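Computed from a predicted model, the values in this text were never measured in an experiment. All residue numbers refer to positions in the sequence shown, counting from 1.
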Amino acid sequence: MEDMDRRAVLAFGLATAATLPALLTPTPASAQRYRPDEGKEIAPGVRRIDLTKRVSEIPAYATVSMRDIVYQPGAKSTNPAMPNDMLCHCLEGELQVSQGPAKQFVAKTGDVWSCMKGMPEADANKGSTIAIMRVIALNPPA
């Protein structure tokens, strides 16, 4: 009977040790970045959240502004001509980006790209989670 108790204790100890990594491994918790109704809807499933605007220290531009464009899964937007130069960053998710016939790519989380005034751009979220494009607009003098 004494051997049986030791085996049971050993088996219990091994089972517990095997589950510890799963219990101690942190799971990333993230708050929802934006409410579904936040900002302005610019296309079905696409919302624009304006963040900040400031005077530019770059002589060619009067102001710089920053905004996030949130794409729900399956949502898309089209801009036939950019109103000004911009820098874009895929903050979250993936976006299919088309800047004309020979300029198509998939922007993944962390990717950055640029757009010049007059350039067309179409963006689509073909994934199953939201995608967020952060835009830094370089605004010329009026």
Does one hydrophobic cluster hold both [X] and [Y], with members joined at side-chain heavy-atom distances below 4.5 Å?
X	Y	value
Tyr34	Leu91	yes
Ile130	Ile69	no
Val97	Met133	yes
Tyr71	Ile42	yes
Met82	Ile136	no

Of all heavy-atom pairs between [X] and [Y], which one has the smallest distance, and what is that distance?
X	Y	result
Gly127	Pro73	O-CB, 3.3 Å
Cys115	Gln99	SG-NE2, 3.5 Å
Ser114	Leu87	CB-CD2, 4.0 Å
Ala107	Cys90	O-SG, 3.6 Å

Rounded to the nearest 0.5 Å, what's the gap from [atom1] on [X] to [atom2] on [Y]? Could you check?
X	Y	atom1	atom2	answer
Lys76	Leu95	NZ	CG	13.5 Å
Asp50	Met66	CG	CE	11.0 Å
Lys40	Arg67	NZ	CZ	11.0 Å
Arg35	Ile49	CZ	CD1	9.0 Å

Sequence neighbours excluded, the answer for side-chain contact (heavy atoms from CB on, under 4.5 Å) partners of Val112 is none
With sequence neighbours excluded, residues passing side-chain contact (heavy atoms from CB on, under 4.5 Å) with Glu41: Arg47
Among residues two or more places apart or on two chains, list those pairs meeting side-chain hydrogen bond (donor to acceptor under 3.5 Å, both in side chains) that have a residue in residues 129-140. Thr63-Asn139, Ser65-Asn139, Asp68-Arg134, Asn84-Asn139
When you measure from the side chain of Asp85 to the backbone N and O of Lys117, does any donor-acceptor pair fall under 3.5 Å? yes
Any side-chain heavy atom of Trp113 sitting closer than 4.5 Å to one from Lys103? no
